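Let me begin by presenting the structure, written as structure tokens, before commenting on it.
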Amino acid sequence: MEGWIALYIFMLAAFTGIEVIRRVPAILHTPLMSGSNFIHGIVVVGGMVVLGMADTTAEIVVGFIAVFLGAGNAVGGYVVTDRMLEMFKSSDKTKKKE
Amino acid sequence: MIPGLDFIVPAAYFAAAVMFIYGLKGMSSPVTARQGMIWAGFAMLLAVAVTFFHPKVEGNYLLMIIALVSASVLAWWWARIVAMTDMPQMIALYNGMGGGSAAAIAAVELLKVHSGQVQLMPTTLMVAAFGAIIGSIAFSGSLIAFAKLQGWMRKTWRFPSQQLINLVVFGVTVLLGLIIFIVGPNPFLLLLFFAFALAAGILITIPIGGADMPVVISLYNALTGVAVGLKGYVLEIPALMIAGIVVGAAGTLLTQLMAKAMNRSLGNVLFAGFGKADEDAVGGEVAGEMKSIDATDAAIQMAYAEKVIIVPGYGLAVAQAQHKIWEMTELLMSRGVKVSFAIHPVAGRMPGHMNVLLAEAGVDYEMIHDLEDINAQFPTTDVALVIGANDVVNPAARKDPSSPIFGMPILDVDKAKNCIVVKRGQGTGFSGIENLLFFEDNTRMLYGDAQKVAQQLIAGIKSLG
């Protein structure tokens, strides 16, 4: 990929990340860290691509590890975040009842 | 090859990138957080599904599915069964896996370059090596953080000239990366390179104390994001670049916010460690003595108070006392006592950790207050009940310029008319700093496990009828 274009993508993505998070209440810091932890689980896609082109045993083993770890990151990150947010939801409900 | 795939695959990645950003945006408000997470989850499924049709993927489909399914089942199961109090280390663990995945991707790419099947531009090769270093450090560092928070590794390891050794190990890693860049990768060099990068992550993390772990985990989270973004560049998948760098930037900002809440700089967290500062500072004499109180008296004091503020800390999380505390709070409220909760930005092990636990117990949002909102209320409060919090209520942060935590914003519980501190023993807190609060005239210590104490307090209040 053209290096400069990549650099522009990185720059814009960095600003997006900062802007999206800037005014977040402190109570959401942990869920948010957990949520962003889930999002970088997208690395599993990269793992699938390298495993998909692996030929030698070493490549296949390491590629397998890449997919395994990436999938663990994504699924674990999702469940952890979901469990945290579930709690916010339940307290929302009690508030509405009153 | 199905026609149109060369359009569908990149289009799906593009859609996934949009949904990730939209989802993250949603997560920045409590109301839309869950919805945001669902968007992000959908983006992930879509991206994984179309990757089976990625033009570079030529085989090993079965292995791919085995890896995906086995990891998903394991991660799902473990994330389901752990207690809410253990969430911080689970984030560390899953984050480490992401970093490890990025490092493994780099390893395969570099092996491919070695066998001549893949040609990488010099810049790309450099980016691949750089991403490998960051991913490896995030991997081994996060696992150490996990082990520490899980209690598998209690000690903070410090040895002479540690900084220097860390620097050397890191320097050698970078040097090996450069050699790979110049002479090209070969298996032996790669093995050495990854070994050093992993060692660097371990060495950086072992001297850091538990109190600083949230900041460190957040930093590794950001690093993994950056590593993923760099892998996206190497593999030419923009969705990875965007998701990775967005997380990298957001994570860096989050790390700074956390460090700021503790009044420490990031460099201070990483390179100084609490330990060194205290050894000189803790010595300062403390006037007065600790006075204890029993649960019955404490219950009476609160039951006849007009206004009570509860300050929860990590001790509450460890003892899983949130439900009992809420039960006690409801009893107090039924007697007409005005009760609120005050939460320090870094109470517990992570910002928001206490909020999550209290929400789990069913505490109403509106009863929970931030430091800025509630500090002015302490002088008019009859009883401040501190449960398992320590450094965040230490008046030394206001009074003692020689204290390592001087300047850190704290909850002014010492200004309340009475202060009851629930604590397991007489020892110092996580930072090892003596807490001046415990020696104040209006402070009473109530020793015991937070859960049991809460039980006794409930019994005490009930007995008043």
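Within every chain, numbering begins at 1; the chains are lettered A, B, ... in the order of the sequence lines, protein sequences first and strands thereafter. Since the model is a prediction, treat every value here as computed from it, not as a measurement.
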What pair of heavy atoms forms the shortest contact from [X] to [Y], and how long is it?
X: A:Met33; Y: B:Asn221; value: O-ND2, 3.4 Å
X: A:Glu59; Y: B:Ser115; value: OE2-OG, 4.0 Å
X: B:Ala104; Y: A:Val62; value: O-CG1, 3.4 Å
X: B:Val228; Y: A:Val43; value: CG2-CB, 3.6 Å
X: A:Ile18; Y: B:Ala249; value: CG1-CB, 3.9 Å
X: B:Ala47; Y: A:Ile42; value: CB-CD1, 3.6 Å

If I measure from the heavy atoms of chain A, does [X] come under 4.5 Å with its side chain, its backbone, both, or neither?
X: B:Leu254; answer: side chain
X: B:Leu235; answer: side chain
X: B:Trp76; answer: both
X: B:Leu111; answer: both
X: B:Val127; answer: neither
X: B:Lys56; answer: both
X: B:Ile38; answer: both
X: B:Ser70; answer: both
X: B:Ile242; answer: both
X: B:Thr255; answer: neither
X: B:Tyr61; answer: neither

Atom [atom1] of [X] and atom [atom2] of [Y]: how far apart are they, to the nearest 0.5 Å?
X: A:Met48; Y: B:Asn60; atom1: CE; atom2: CG; value: 11.5 Å
X: B:Lys25; Y: A:Ile21; atom1: NZ; atom2: CD1; value: 9.5 Å
X: B:Leu253; Y: A:Glu19; atom1: CG; atom2: CD; value: 9.0 Å
X: A:Phe10; Y: B:Leu230; atom1: CZ; atom2: CG; value: 5.0 Å
X: A:Thr30; Y: B:Met87; atom1: OG1; atom2: CE; value: 11.5 Å
X: B:Thr224; Y: A:Ile39; atom1: OG1; atom2: CD1; value: 13.5 Å

Ring pair (Phe, Tyr, Trp, His ring centres under 6.0 Å) partners of A:Phe38, counting only residues at least two apart: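 Scan of A:Phe38 (ring pair (Phe, Tyr, Trp, His ring centres under 6.0 Å), adjacent residues dropped) gives A:Tyr78.
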Residues forming a ring pair (Phe, Tyr, Trp, His ring centres under 6.0 Å) with B:Trp39, sequence neighbours excluded: B:Tyr22
Taking C-beta and beyond as the side chain, do [X] and [Y] meet within less than 4.5 Å on heavy atoms?
X: A:His40; Y: B:Val226; result: no
X: B:Arg34; Y: A:Asp82; result: yes
X: A:Phe64; Y: B:Ile66; result: yes
X: A:Val79; Y: B:Met90; result: no

With respect to chain B, which residue among [options] yields the maximal number of heavy-atom pairs within a distance under 4.5 Å?
options: A:Val67, A:Thr16, A:Val50; value: A:Val50
options: A:Ala58, A:Gly46, A:Gly35, A:Gly70; value: A:Gly46
options: A:Ile65, A:Thr56, A:Asp55; value: A:Asp55
options: A:Leu12, A:Val44, A:Val61, A:Val49; value: A:Val49

Residues, nucleotides or ligands: over 12 heavy atoms within 6.0 Å of A:Tyr8 OH: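 Atom OH in A:Tyr8 is not packed in, count stays at 12 or less.
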Could you tell me whether the side chain of [X] and the main chain of [Y] form a donor-acceptor pair under 3.5 Å?
X: A:Asn73; Y: B:Ser101; answer: no
X: A:Arg83; Y: B:Ala79; answer: yes
X: B:Asn95; Y: A:Asn37; answer: no

Top residue by heavy-atom pair count (under 4.5 Å) with chain A, among [options]?
options: B:Gly41, B:Ala107, B:Ala16; value: B:Gly41
options: B:Ile21, B:Val50, B:Val48; value: B:Val48
options: B:Gly225, B:Ala250, B:Gly135, B:Gly100; value: B:Ala250
options: B:Lys231, B:Glu109, B:Met121, B:Arg80; value: B:Arg80

Part of A:Ile60 lying under 4.5 Å from any heavy atom of chain B: side chain
Option among A:Ser34, A:Pro31, A:Ser36 that satisfies the side-chain contact (heavy atoms from CB on, under 4.5 Å) test with B:Ile91: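 Checked A:Ser34, A:Pro31, A:Ser36 against B:Ile91; only one passes side-chain contact (heavy atoms from CB on, under 4.5 Å): A:Ser34.
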